[in-house]
Amino acid sequence: METESEPYVRLASLRQLHQVMADMNTARSLADTLQTVADGAVNALGYEMACVNLVRPDGDLVVAAFSGNSAAEALITGRAGSRDSWERRLTMGERWGDLVFIPHTEGWVLDDDDVPQWYTDGPAPRFEDEWHPSDRLFAPMYTPGVSGGSSGELLGVISVDRPRNGRRPGAWGREALQMYAFQAAIAISNARLRANMQRALVRLEREQQALRASEESFRQAFEYAPSGMAIAEMGGDQHGRILRTNDALCRLLGRPASAMRRYSFSDLVHPEDIGTLLRTSAEGGRAELRLGRRDGSYVWVSLRNSVVADAADGPRFLLTHVEDIEERKRRELQLAHRASHDSLTGLPNSAELRSRLSARLCRRPAQHGDLESLDAAYGHPAFDGPAGHGFDFTPGTGEAYDGYDHHVHTAAPEDDRDDGTKGLAVLFCDLDGFKSINDRFGHNAGDAVLIEVARRLSRQVRDGDTVARLGGDEFVILADGLGRADAQDLAVRLRNEIIQPIRAEGRAVRVGASFGIGWAHCGMTADEVLKSADERMYVEKRSRPKQHRRAG
């Protein structure tokens, strides 16, 4: 822009300045905006060279754009000067409004600072307002929206060198450069905002793409998982209600997805497993239990829970993984059954018999002779028994409790008389004549006899009674709640059932049976109870003539 005509400015110059400002605000990127600012200072304001120094996040200023001299551009573009050096420059020289002019008479002190700069040669000035090659003119750019400019945050500095007319800018030239710097600050701020918005949009789009990919991955993993998956509500009135299930779970339970949405897992779980389900933690909880199928049967499953947030601080859902463990549970039950049952007859074995018997006995009973002292002690929370048990006693019932799982003490009828006491009868059964069957007809025949005897004994006892094979041809029956006469009647029925002919290896054979009746009561061990019944069995066996010990 020519200054000879000041205060008269050519219309073409105004149009050119207007066009440059428009270009600054329509540039496609921050880099284009910075270059447009530098080019505009040369093309519209009439300076031979212009440089845009932009404040970096660390506070230093970097040469972000250069115009007017390709050699100087290659020399300093991208180089940075410290903020301290720039603050020194902006506080020196003459103040032309917001502009800073440092004449050559003062600027020589800046030759050795760290601000990137170029040097031009030329003759010394011939008159007062002629531009000297070492003169410096800076137009600071401040963040928009701050009145007074210089009181705002420094955004950058436009450096210009040597007006084309060779003279220092007059009033109009200074005003134009100051106005230009103000508009450039607005354009650069807007370009930065657009760049930040574009980066944010790109980042948001990438995050949305990642979220969509994650959701699709989850959907595929959920829908096509080989084991059952379910999503249930968490919290609120509908806590636990199933919202969504995959095909594997629907097939496992034989229920369509539409029907599954009417239930919660507490509706489907086996009644005996409801406590296990309720004890299962929602976050990271795991349990093994049975779920009901549509046909009324139950299947063993392993449930594993995890919490899924729908959005930040949004609703939370319970993701439940359901694994079919029916086959494993069947194997476990089979192994447990084999460990506790006789492989030939299927009856509980010796170990299981002793376990069941021990479960009914505590170390020391409340003796019948202690009733008066127990009655006297009644009303106290507890008193210590001889073995360290705490006992509570309910007067008039004849039953004492030791405070452990509400154990009911096992009592026994008095010897040789039926006093009406009901107890746990232990019937020890030994087969008579079994050895001769093994010797004459072989072990296969003997096994067939044992199997049939086990079947007959089991058929004659009540639900809840135990028939066990102790080993060889010895069996034991545990029958609770019997008086002495009841136990004797049971032994007679069992003996009469056993002596009936048994088909073994194509022939009819017979065995007899000797029974000894013992009584279990607290204070005895399982082995002591069995030994007592065994001794009574041998007494009974010896008391009968040999020819009557078996039916034939």
Side-chain angles (χ1 to χ4, degrees), residues 270 272-273 276 288-290 297-300 325-361 405 410 424-432 434-435 437-438 442-482 487 490-491 493-495 497-498 500 502-505 509 511-520 524-534 537:
H270 192 284
E272 296 178 1
D273 298 335
T276 302
E288 292 186 355
L289 42 76
R290 289 161 288 183
S297 63
Y298 287 88
V299 58
W300 276 100
I325 60 171
E326 179 73 17
E327 189 61 32
R328 174 168 67 80
K329 275 293 183 180
R330 183 180 293 111
R331 290 196 301 270
E332 289 177 358
L333 293 174
Q334 288 174 349
L335 290 173
H337 187 273
R338 290 173 186 173
S340 61
H341 286 71
D342 176 49
S343 59
L344 177 64
T345 63
L347 296 178
N349 59 18
S350 175
E352 177 67 12
L353 171 67
R354 284 173 167 79
S355 175
R356 295 186 186 185
L357 189 52
S358 297
R360 290 295 312 276
L361 305 173
D405 296 328
T410 302
L424 177 57
V426 181
L427 283 68
F428 199 107
C429 171
D430 182 78
L431 300 184
D432 299 328
F434 177 74
K435 184 176 183 303
I437 293 176
N438 265 342
H443 288 286
N444 287 342
D447 289 347
V449 169
L450 292 175
I451 293 171
E452 179 60 20
V453 169
R455 188 185 66 82
R456 293 181 182 184
L457 290 175
S458 299
R459 190 173 57 192
Q460 290 297 314
V461 299
R462 304 162 302 175
D463 292 340
D465 291 345
T466 295
V467 178
R469 183 186 176 198
L470 195 60
D473 60 348
E474 295 177 334
F475 297 84
V476 174
I477 297 92
L478 304 182
D480 200 6
L482 299 185
L490 176 60
R493 290 200 311 273
L494 294 176
R495 181 184 295 113
E497 183 71 17
I498 290 174
Q500 301 301 318
I502 297 174
R503 197 77 181 171
E505 293 294 302
V509 298
V511 292
S514 297
F515 281 87
I517 303 175
W519 296 93
M524 300 177 69
T525 65
D527 286 336
E528 289 173 343
V529 174
L530 295 174
K531 181 179 179 182
S532 172
D534 186 27
M537 182 274 298

R503 and E452 ion-paired at < 4.0 Å: no

Contact summary for A533 and G518, nearest pair of heavy atoms: CB-N, 3.9 Å

Minimum side-chain heavy-atom gap I517-V426 below 4.5 Å: no

Salt bridge D465-R462, side-chain N to carboxylate O under 4.0 Å: yes

Pairwise distance OH(Y298) to CG(D273) - rounded to 0.5 angstrom: 9.0 Å

Student check: side-chain heavy atoms of L457 and E497 closer than 4.5 Å: no

Atom pair OG/CD of S350 and E474 - distance to nearest 0.5 Å: 10.0 Å

Heavy-atom closest contact (L482 atom, A425 atom, distance): CD1-CB, 4.1 Å

Residue pair R328, E288: steps toward the salt bridge (charged side-chain N to carboxylate O under 4.0 Å, His left out) verdict: CA-CA 11 Å; R328 174 168 67 80; E288 292 186 355; 2.5 Å; yes

Side-chain H-bond candidate by donor/acceptor type, T466 with R356, under 3.5 Å: yes

S514 and D430 side chains, donor-acceptor separation under 3.5 Å: no

For the student: nearest non-hydrogen atoms of L494 and Q460, plus distance: CD2-CB, 3.4 Å

Expected output: side-chain N349 to main-chain E352 donor-acceptor under 3.5 Å: yes

F475 side chain reached by L353 side chain, heavy atoms, under 4.5 Å: no

Non-hydrogen side-chain atoms of L357 and L530 separated by less than 4.5 Å: yes

Note, H341 side chain near R469 side chain (heavy atom, < 4.5 Å): no

Electrostatic pair R360-D480, nearest N-O below 4.0 angstrom: yes

Any donor-acceptor pair under 3.5 Å from R290 side chain to E272 backbone: no

Nearest-0.5 Å distance that lies between atom OG in S340 and atom CG in L347: 11.5 Å

Donor on one side chain, acceptor on other, D342 and T345, under 3.5 Å: yes

L333 CG to E326 CD distance, which is reported to the nearest 0.5 Å: 8.5 Å

K531 and E528 ion-paired at < 4.0 Å: no

Minimum heavy-atom distance A513-I498, with the two atoms named: CB-CD1, 3.8 Å

R455 vs R459 side-chain heavy atoms within contact, under 4.5 Å: yes

Residue pair I502 / V453, side-chain heavy-atom distance below 4.5 Å: yes

Intermediate values then yes/no, salt bridge (charged side-chain N to carboxylate O under 4.0 Å, His left out), K329 and E332: CA-CA 5 Å; K329 275 293 183 180; E332 289 177 358; 3.7 Å; yes

Whether S358 side chain and R354 backbone form a donor-acceptor pair below 3.5 Å: yes

Min side-chain heavy-atom separation I437-V511 under 4.5 Å: yes

